[in-house]
Protein chains: 2
Amino acid sequence: MSDLLERLRTRGWRLTAQRRVVAEVLDGDHVHLTADEVHARAVSRLPEISRATVYNTLGELVILGEVLEVSTDGRAKRYDPNAHHSHQHLICSRCGTIRDVHPVGDPLAALSADERFGFAVSGAEITYRGLCPDCH
Amino acid sequence: MSDLLERLRTRGWRLTAQRRVVAEVLDGDHVHLTADEVHARAVSRLPEISRATVYNTLGELVILGEVLEVSTDGRAKRYDPNAHHSHQHLICSRCGTIRDVHPVGDPLAALSADERFGFAVSGAEITYRGLCPDCH
DNA sequence: GTGTTGACTTAGACAAAGTCCAAGCTAGGA
DNA sequence: TCCTAGCTTGGACTTTGTCTAAGTCAACAC
């Protein structure tokens with residue numbers, strides 16, 4: 001995570017306490033917090049941090065490619081710090097738990113030319129759904 | 001579409017003018033309207049229909065399995081009447097156009113047992129992204 | 001170390017999407 | 001034709017996210 005902050009600094013980011021805290025909150029595997037959850041955890045480390053700053057910082061991290069935005073349920077977007085390892089998501093239909101997964105093969109290969117409607121197809125996001133061990 | 005209404009009636013649905021209009025608006029291929037778009041089109045046929053009724057009706061159609069809810073961008077959910085033919089979506093990254101597509105093979109086969117984390121995996125949604133013919 | 005400055009942060013107003021509720025209406029059965 | 005459970009309505013409310021004007025401060029120059 002400190003390398004993340006260093007990477008950002010070399011890209012001209014001003015390293016503020018707020019940004020540091022948001023980056024720390026997002027550290028880890030299988031982390032998929034909503035902006036509000038990030039804010040709640042950030043507040044416990046830096047009580048005066050505002051919602052606007054959390055939204056700003058998350059948006060910047062997404063633009064910089066350091067964090068992925070995941071919107072799987074039409075509710076709040078979730079932020080996934082595992083942006084440097086291509087992966088997909090497996091979500092429990094009952095409790096909402098999200099795991100990062102790595103399917104084999106290239107999903108684009110399954111889409112034949114005449115199913116592409118003239119699009120230049122560049123990527124695919126897969127959401128697997130099922131019941132987690134705790135929910136079945 | 002009239003068979004849809006008939007199907008719903010045999011399941012105990014009261015066939016009101018409002019529900020009829022919502023069902024009519026959703027008829028067609030590659031239809032992916034937001035609730036607000038459905039409402040706007042419904043109003044042009046039945047001016048007094050309320051937003052709440054459109055939301056209620058769409059929600060019921062989803063529960064009954066007649067319509068799919070698609071949330072691909074974290075903005076408004078879209079409603080897809082093509083629920084009886086399994087399919088995935090191809091979305092233009094610039095203009096947002098959505099097409100129904102039919103990839104070959106079973107996406108679940110790409111997820112090995114030890115990548116399932118003990119989940120009972122039951123399905124997968126794939127969102128392909130790219131630029132449509134008009135946008136490149 | 002000190003000063004400067006533009007980038008950053010803040011609180012709160014605002015907006016979009018969706019849910020909920022009490023009151024009134026009506027489709028379809030008796 | 002009447003009755004009533006189920007449907008619809010408008011509006012208040014909630015959640016999620018964006019915007020703005022004013023104040024603050026990280027990083028650079030000296």
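Letters A, B, ... mirror the listed sequences (proteins, then strands); counts begin at 1.
For A:Q18, a side-chain nitrogen or oxygen approaches OP1 or OP2 of C:dT10 to under 4.0 Å. For A:T16 and D:dC25, the shortest distance from a side-chain N or O to OP1 or OP2 is not below 4.0 Å. Of the side-chain N and O atoms in B:T53, one or more sit less than 4.0 angstrom from OP1 or OP2 of D:dT9. The side chain of B:R14 places no N or O atom within less than 4.0 Å of a non-bridging phosphate oxygen (OP1 or OP2) of C:dT26. For the pair A:R19 and C:dT9, the criterion of a side-chain N or O lying under 4.0 Å from OP1 or OP2 is met.
No hydrogens or angles considered: nothing links the side chains of B:H30 and B:N82 as a donor-acceptor pair under 3.5 Å. Using modelled atom types, one finds no donor on one side chain facing an acceptor on the other under 3.5 Å when comparing B:T34 with B:D36. With no hydrogens or angles considered, a side-chain donor-acceptor pair links A:H89 and A:H87 at under 3.5 Å.
Atom CG of A:L58 and atom P of D:dT16 are 14 Å apart (whole Å). Atom CD of A:E37 and atom P of D:dG17 are 11 Å apart (whole Å). Rounding to whole angstrom units, CG of residue A:D36 and C1' of D:dT15 are separated by 8 Å. In this structure, CD1 of A:I49 is placed 14 Å from C1' of C:dA11, rounded to the nearest angstrom. One interatomic measurement links the two molecules: NZ of A:K77 to C1' of C:dG18, which rounds to 16 Å at whole-angstrom precision. In this structure, B:Y79 places its OH atom 12 Å from P of C:dA17, rounding to the nearest Å. The NE2-P distance, from A:H39 to D:dT15, rounds to 16 Å in whole Å. Rounded to whole Å, atom P of D:dC7 lies 11 Å from atom CG of B:L8.
Between the side chain of B:R51 and the base of D:dG10, no donor-acceptor pair under 3.5 Å is found.
Residue B:N56 is the one, among B:R75 and B:N56, whose nearest nucleotide of DNA chain D lies closer to the 5' end (criterion: closest heavy atom). Between A:V54 and B:R78, the residue whose closest nucleotide on DNA chain C is further toward the 5' end is A:V54. Comparing B:R20 and B:Y55 by the nucleotide of DNA chain C whose heavy atom lies nearest to each, the residue mapping closer to the 5' end is B:Y55. When each of B:W13 and B:G74 is assigned the nucleotide of DNA chain D with its nearest heavy atom, B:W13 is the one assigned upstream, toward the 5' end.
Ranking C:dT9, C:dG28, C:dT10 by closeness to the B:R9 side chain, first place goes to C:dG28.
Taken to the nearest 0.5 Å, the CD atom of A:E66 stands 13.5 Å off from the OG1 atom of A:T57.
A salt bridge does not link A:E60 to A:R11: none of the charged nitrogens lies less than 4.0 Å from a carboxylate oxygen.
Using a 4.0 Å heavy-atom cutoff across all strands shown, B:A52 reaches at least one base atom of the nucleic acid.
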